[in-house]
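Hydrogens, waters and symmetry mates are skipped; everything else that's a heavy atom, side chains included, is used.
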Amino acid sequence: MSKSCPRCRSQRVVYCHYGKRIGGTVGTVAGAFSGAAASSASGAAAGLRIGMQVGASGGPTGIGAGAVLGAITGAFAGCIAGLRLGQVLDEQLLCRFRCLDCNAHF
């Protein structure tokens, strides 16, 4: 089923993902910071233990790897949560379609 513009009756209509875009971006950034902060103590300690078993130079590398893995995991979880919230905002609150001919949002 194709959607038509209520203003100019054009069939050139696209779906806007404003909520998903914003929600995904904000969720990714917030999740990365939250994951890095939460894992800096526990993830860095676990990375230090694993790195020290590898060798003397593995300790600092393990600390960095633990913090980076925590940030990546947090960013991934935040991105998924942000995308879901953005999808709900798109469906319930924001204009979902844009006409390519007259640029009307509806």
One pair to check against side-chain contact (heavy atoms from CB on, under 4.5 Å): C99 and C8. What are the steps and the verdict? CA-CA 9 Å; C99 177; C8 68; 3.6 Å; yes
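- Between F97 and Y15, the angle of the ring planes goes over 60°, which puts this pair in the perpendicular group of the 30/60° scheme.
- Pairing each heavy atom of C16 with each of C95, the nearest pair is CB-O, 4.2 Å.
- When all heavy atoms of R98 and H105 are compared, the closest pair comes out as CD-NE2, 3.3 Å.
- Annotation for C5 and V13: closest pair N-CG2, 3.8 Å, computed over non-hydrogen atoms.
- Within 6.0 Å of atom CZ in F106, more than 12 heavy atoms from other residues, nucleotides or ligands are found, so the atom counts as buried in its surroundings.
- Interatomic distance, I72 CD1 to T28 OG1, rounded to the nearest 0.5 Å: 12.5 Å.
- Taken from CD1 in I80 to CG in L85, the straight-line distance is 14.0 Å, to the nearest 0.5 Å.
- The distance from atom CZ of R9 to atom CZ of R7, rounded to the nearest 0.5 Å, is 12.0 Å.
- Ion pairing between D101 and R12 holds under the 4.0 Å rule for side-chain N and carboxylate O.
- One distance of note links CG of D90 with CZ of R21; it measures 9.0 Å at 0.5 Å rounding.
- How far CD of Q11 is from CG of L100: 11.5 Å, rounded to the nearest 0.5 Å.
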